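What follows is a single structure, written as structure tokens, with notes after it.
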Amino acid sequence: MDRTSFRWARTSAVGIGLLFIVLIVWDWARSIIAPNLTDYLSYWAAGKLTLAGDPAAAYDPAKHRAVEFTVTTFDKFMPFPYPPPFLLLVTPFSLLPYIWSFAAWVGLTLAIYLFAARRAIDTPYALANPLVLMNGAIGQNGFLTAAIFTTGAAMLRERPLVAGAVLGVLIIKPQLALLLPVAVIAGRLWPAIAGAIAMAGALTFLSLAFLGSEAFGGFWNILHLYVELLRQDKWSWNEFISVFAFLRYLDVDPSVALSLHAIIAAAATVLTWIAWSRDWDEQVPILAAATLLIPPYLLSYDALLMIIPIGFFLRQQPRPRLAGALWLLCLLPIAFHFNLYRGPNTIPIAAILTLAILARARASISKQSVHR
């Protein structure tokens with residue numbers, strides 16, 4: 001990347017990032033007058049029930065909805081489908097009134113995200129990621145999970161025990177940790193396993209001690225409910241970033257869609273194993289992109305992990321046009337929410353494109369080494 005292109009890209013990122021902040025603050029300010037529906041309302045209501053001494057009620061759709069309706073009424077189904085360690089984490093925020101709790105949650109997790117993202121990408125680009133706007137507007141957990149993943153993955157080689165402990169916090173959203181054992185075992189990073197087990201175990205124990213076993217039973221029941229909703233096509237496929245959802249949007253038969261999803265997920269898993277067993281320079285961006293292709297159930301706001309491959313294409317292997325293309329593919333699902341785009345969620349295309357380009361680049365390097 002020449003200096004002129006670099007300045008132009010950075011200036012654009014600063015402008016876009018500031019625009020996102022203005023839009024997030026503006027949307028929040030309007031909610032002071034008339035609270036609007038956000039995903040964070042589900043967290044706040046679950047925390048309120050916990051503070052009232054009934055954490056298991058957070059997983060009771062009727063009781064949970066009654067608390068949500070004290071803020072605003074709506075027709076959408078908004079239960080609390082997160083494991084008890086996440087409930088333990090969000091409960092203190094419910095000590096505040098909803099609108100101020102929302103601001104505290106978004107402000108704190110955004111700050112954590114920007115601090116952690118510096119390991120993968122410069123701050124202006126981290127702030128200009130389109131999923132920042134989504135997470136900030138609806139109060140989702142993408143800032144926090146991206147911060148955990150980015151920090152832990154970046155430290156895996158140098159400080160595996162600490163990295164494992166950091167990544168163990170992903171017990172709050174375990175579907176983002178499905179490929180971590182593959183990377184750790186392939187790289188023979190055994191201390192990371194100990195760190196992850198210790199942290200996940202500690203958070204589970206604390207949740208059991210403070211929330212009780214009934215909360216774990218409630219979480220299990222709500223999981224079954226979500227599986228049934230997915231089976232009955234009760235969700236908009238545009239909201240999901242999996243290959244399965246992409247194909248279902250195109251009306252592909254569910255069994256065929258699931259089979260093709262499994263094939264892509266298997267290929268992503270194999271590539272992750274190879275990258276970490278051979279200590280490739282591309283191993284962390286491969287792990288991030290591949291993670292988004294494994295579970296059928298991931299939503300757009302989870303795709304903040306794409307800052308890792310985008311950062312790689314801006315720092316280690318400068319390819320600004322490719323980084324811009326990935327950014328655009330992450331933008332289109334956001335445009336959908338503003339009725340500016342009608343089509344399937346393009347984030348899985350960004351993840352697959354990332355893996356294909358990184359694998360091809362590594363194959364080219366290996367071929368040149370052989371010829372030498």
Side-chain angles (χ1 to χ4, degrees), residues 35 37-102 104-106 108-109 135 138-145 148 168-178 196-232 234-235 239 295-299 301-302:
L37 178 62
T38 68
D39 286 15
Y40 179 74
L41 179 58
S42 171
Y43 302 174
W44 183 83
K48 275 294 183 184
L49 288 166
T50 301
L51 291 172
D54 192 7
Y59 300 102
D60 183 319
K63 293 180 180 179
H64 182 262
R65 190 176 183 86
V67 178
E68 291 176 315
F69 274 22
T70 64
V71 175
T72 185
T73 56
F74 52 89
D75 295 328
K76 188 177 180 181
F77 186 56
M78 289 282 292
F80 184 78
Y82 298 95
F86 187 74
L87 176 58
L88 187 67
L89 176 68
V90 299
T91 293
F93 290 89
S94 295
L95 291 167
L96 297 171
Y98 167 70
I99 194 64
W100 298 104
S101 177
F102 177 89
W105 169 259
V106 171
L108 180 59
T109 56
N135 278 277
I138 66 177
Q140 259 296 344
N141 56 57
F143 290 145
L144 184 59
T145 54
I148 295 167
V169 181
L170 283 176
I171 192 173
I172 65 174
K173 197 155 193 178
Q175 61 264 46
L176 290 176
L178 295 179
I197 291 175
M199 178 59 75
L203 291 175
T204 301
F205 175 79
L206 288 173
S207 301
L208 188 60
F210 284 97
L211 305 177
S213 59
E214 294 83 2
F216 284 83
F219 170 62
W220 183 254
N221 292 334
I222 205 77
L223 279 186
H224 285 290
L225 175 60
Y226 261 66
V227 170
E228 185 62 21
L229 289 172
L230 283 172
R231 191 183 68 81
Q232 296 178 9
K234 296 295 185 180
W235 293 92
E239 298 180 18
Y297 182 86
L298 277 182
L299 286 93
Y301 51 78
D302 295 309

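Being a predicted model, the structure only gives us computed values, none of them experimental.
- Here the closest non-hydrogen pair linking T145 and L170 is O-CD2, 4.2 Å.
- Looking at L176 and I148, their side chains never come closer than 4.5 Å, going by heavy atoms from C-beta outward.
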| request: Could you please spell out the steps behind the side-chain contact (heavy atoms from CB on, under 4.5 Å) verdict for N221 and Y59? | output: CA-CA 8 Å; N221 292 334; Y59 300 102; over 6 Å; no

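- G168 and L203 make their closest contact through O-CD1, 4.4 Å (heavy atoms, listed as atom of the first residue, atom of the second, distance).
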| said: side-chain contact (heavy atoms from CB on, under 4.5 Å) for T109 and N141? Distances and angles first, verdict last. | reply: CA-CA 8 Å; T109 56; N141 56 57; over 6 Å; no

| Criterion side-chain contact (heavy atoms from CB on, under 4.5 Å) on L108 and F93, from CA distance to verdict | CA-CA 11 Å; L108 180 59; F93 290 89; 3.8 Å; yes

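- In this structure, Y40 and Y98 have side chains that are in contact, with non-hydrogen atoms separated by less than 4.5 Å.
- A distance of 9.5 Å separates CD1 in I172 from OH in Y82, rounded to the nearest 0.5 Å.
- Once rounded to the nearest 0.5 Å, the distance linking CZ of R65 with OG1 of T70 reads 12.5 Å.
- The closest side-chain heavy-atom distance from L178 to P295 is below 4.5 Å.
- For the pair F80/I222, no side-chain contact is recorded, criterion being any heavy-atom separation below 4.5 Å from C-beta on.
- P81 is not listed as a side-chain neighbour of L223, based on a closest heavy-atom distance of 4.5 Å or more.
- When every heavy atom of S42 is checked against every heavy atom of P79, the shortest pair comes out as OG-O, 2.7 Å.
- The two atoms that bring F74 and L41 nearest to each other are CE2-CD2, 3.9 Å, heavy atoms only.
- Between K63 and D54, some side-chain heavy-atom pair lies under the 4.5 Å cut-off.
- F102 and Y43 have their aromatic ring centers separated by at least 6.0 angstrom.
- Proximity of a side-chain donor or acceptor of H64 to a complementary backbone N or O of A45 within less than 3.5 Å is not detected.
- The backbone N or O of F69 sits nowhere less than 3.5 Å from a side-chain atom of T73 that would complete a donor-acceptor pair.
- When all heavy atoms of G47 and S94 are compared, the closest pair comes out as CA-OG, 3.3 Å.
- When all heavy atoms are compared, the tightest approach of F143 to N135 is CZ-CB, 3.7 Å.
- Side-chain contact check for L37 versus M78: some heavy-atom pair is nearer than 4.5 Å.
- Remark: the Y301 side chain and the D39 side chain contain no N/O donor-acceptor pair separated by less than 3.5 Å.
- Other residues, nucleotides and ligands place more than 12 heavy atoms under 6.0 Å from the CZ atom of F77.
- With hydrogens and angles disregarded, a donor-acceptor distance shorter than 3.5 Å links the side chain of W44 to the backbone of L96.
- Residues F219 and P85 are not in side-chain contact: their nearest non-hydrogen atoms beyond the backbone lie 4.5 Å or more apart.
- D302 places a side-chain N or O within donor-acceptor distance of the main-chain N or O of L299, the cut-off being under 3.5 Å.
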